[in-house]
Protein chains: 2
Amino acid sequence: MTHSEENYLKAIFHIGKGGANEISTNAIAEQMETKPSSVTDMMKKLSEKNLVNYKKYKGVSLTAIGKSMALSIIRKHRLWEVFLVEKLDFSWDEVHDVAEQLEHIESEKLIDKLDKLLDYPKYDPHGDPIPDKNGNFKVMDKKLLSELSVNDKGICVGVKDSSSQFLKFLDKNKIALGDIIEVIDKEDFDGSFQLKINANSFNVSSQIASNLYVQITE
Amino acid sequence: MTHSEENYLKAIFHIGKGGANEISTNAIAEQMETKPSSVTDMMKKLSEKNLVNYKKYKGVSLTAIGKSMALSIIRKHRLWEVFLVEKLDFSWDEVHDVAEQLEHIESEKLIDKLDKLLDYPKYDPHGDPIPDKNGNFKVMDKKLLSELSVNDKGICVGVKDSSSQFLKFLDKNKIALGDIIEVIDKEDFDGSFQLKINANSFNVSSQIASNLYVQITE
DNA sequence: ATTTAAATTTAGACAAACCTAAAACTTTAT
DNA sequence: ATAAAGTTTTAGGTTTGTCTAAATTTAAAT
Ligand SMILES: [Mn+2]
Ligand SMILES: [Mn+2]
Ligand SMILES: [Mn+2]
Ligand SMILES: [Mn+2]
């Protein structure tokens, strides 16, 4: 498996949200920042290797093997992100690009040992679940903050947008995973939220609210 | 810089033992397990980038920039080897292949943080020196065990051959870096050595003796 | 000093991963 | 139902890094 092949599998998995949906050529091209014609070439190759189901003009989906490979790469990506944050003191907005490289290192032993060193983490620094060796992970029952109603209370457990910009914004405003968030009020006019985060009052725009995941506690 | 370009620079550095020697095309081809014609192609490219001095039929040498890049890759390789042994409990015969991959990860910050995590090690698990950020390292004053005379005494500080076979042989015979070695006798007939290693008597062939580095203590 | 052998370079080809432009297919709108 | 628009594929190229086979240069041997 080449790096490129791995990246395509990962892209298909992410676009399809792990399901068996049919993914369009254009969607993959966009995600990969490449051209549709390049995607077609690659789909033929991955199909030849039985990693995707591909029928001309009909889109692609991952085969069981393709899916398990995608999950293995995602596992590596997220474990490395944890490593960078926990062991090397990277901040959560700096880890993604390095993990994009590290995820392609081939060594079963390496990743097992890393998993152990990190004490078998279940989530990465952005709240995304880390598949185990067999590709299994439990999806957390979480909602976007924007879906909550007034008086709902929950724990901040993840980010939808994990761009450096957004993460730095959260840092600046001292919002972090694990924080307790209560919806005090919703502003109909602009969709902004009045919150209490760890006992401090806060107002966030609807854009922010629709990129934060919370687990409702009551 | 591509992985391949990095590997060529490293190969030239290793063949030339860090000096400014003129390296032959064939030597590089052998080291890289590739064909001389491929080497020629690459030398043209590296020359174009001012990383090597290349004149047709006259061999190549690293430029100052090429050398500092080679050293940076070697630094990464060896730091990763230390990490694998110290933090992930790899044994010294398992680290090289993984380090060959990890050495190409591009992130200045990553390698600085790794260096810190490992507490700025000076030597890798095989006794090879780790260049600092500026490419500086002190060469240990060491000799091959085979060069010692009867009654010479020293500390085992490195291996010349760091193949898995040799390292496993040393493990099996409980010979490790840091051991104190004394030459009790040399056998003229087959060049074998009668040793005392950590108070235990030992006989090793000349092949073994010419692949172990020791630092003479008296 | 030639001839022979070895080392090195050139010429031409190939696979991987990408591209642009044009053709073919599907979907949407009239 | 047909035309227009959008999507996807094909055709033909490019770059990187490799290869084989042939030509060239250098080194060794007679
Ligand atoms: Mn990431
Ligand atoms: Mn992540
Ligand atoms: Mn090594
Ligand atoms: Mn080493």
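So you know, we letter chains A, B, ... as the sequences are listed, proteins then strands, and number each from 1. Everything numeric in this text was worked out from a predicted model, so none of it was measured.
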Per-pair distances, 0.1 Å, donor-acceptor, side chain in residues 138-145 of chain B, under 3.5 Å, sequence neighbours excluded:
none

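Taking the side chain of B:Ser24 as heavy atoms from C-beta on, and the options D:dT9, D:dT18, C:dT8, the nearest nucleotide is C:dT8. Ranking C:dC19, D:dT18, C:dT8 by closeness to the A:Asp41 side chain, first place goes to C:dC19. Of the candidates C:dC19, C:dT9, D:dT9, C:dC19 carries the atom nearest the A:Thr34 side chain, counting heavy atoms from C-beta on. When distances run from any side-chain atom of B:Ser37 to the nucleotides D:dC19, D:dT8, C:dC19, the shortest one goes to D:dC19. Here the side chain of A:Tyr57 is nearest to one of C:dC18, C:dT8, D:dT8, namely D:dT8. Considering only side-chain atoms of B:Thr25, the nucleotide from C:dT8, C:dC19, D:dT18 that sits closest is C:dT8. Nearest nucleotide to the side chain of A:Lys44, out of C:dT8, D:dC19, D:dT10: D:dT10. You'll find that the side chain of B:Asn26 is closest to C:dA7, out of C:dA7, C:dT9, D:dT18.
Using a 4.0 Å heavy-atom cutoff across all strands shown, B:Ser4 reaches sugar-phosphate atoms only and no base atom.
Taking atom CE of residue A:Met1 and atom C1' of nucleotide C:dA15, one finds them 18 Å apart after rounding to whole Å. The interatomic distance linking B:Leu46 (CG) with D:dT18 (P) rounds to 11 Å, in whole Å. Atom CE in A:Met42 sits roughly 14 Å away from atom P in D:dT9 (whole-Å rounding). One interatomic measurement links the two molecules: CD of B:Glu22 to P of D:dA27, which rounds to 12 Å at whole-angstrom precision. Rounding to whole angstrom units, CD of residue A:Glu5 and C1' of C:dA15 are separated by 12 Å. Rounded to whole Å, the distance from OH on B:Tyr54 to P on D:dT25 is 13 Å. Regarding B:Ile28, its CD1 atom lies at a distance of 12 Å from the C1' atom of C:dT8, rounded to whole Å. Residue A:Glu30 contributes atom CD, which lies 11 Å from atom P of D:dT7 at whole-angstrom precision.
In this model, the phosphate group of D:dT10 is approached by a side-chain N or O of A:Lys56 to a distance below 4.0 Å at OP1 or OP2. OP1 or OP2 of C:dC19 lies within a sub-4.0 Å distance of a side-chain N or O belonging to A:Ser38.
Between A:Phe83 and B:Phe83, the ring centre distance stays below 6.0 Å. Taking the ring centroids of A:His77 and A:His96, they lie under the 6.0 Å cut-off.
Comparing A:Tyr8 and B:Lys55 along DNA chain C, the residue whose closest nucleotide (by nearest heavy atom) sits nearer the 5' end is B:Lys55.
Within the 4.5 Å cutoff, the side chain of B:Asp152 has heavy atoms near those of the B:Ser149 side chain.
One finds a salt bridge joining A:Glu100 and A:Lys10 here, because a Lys/Arg side-chain nitrogen approaches an Asp/Glu carboxylate oxygen to under 4.0 Å.
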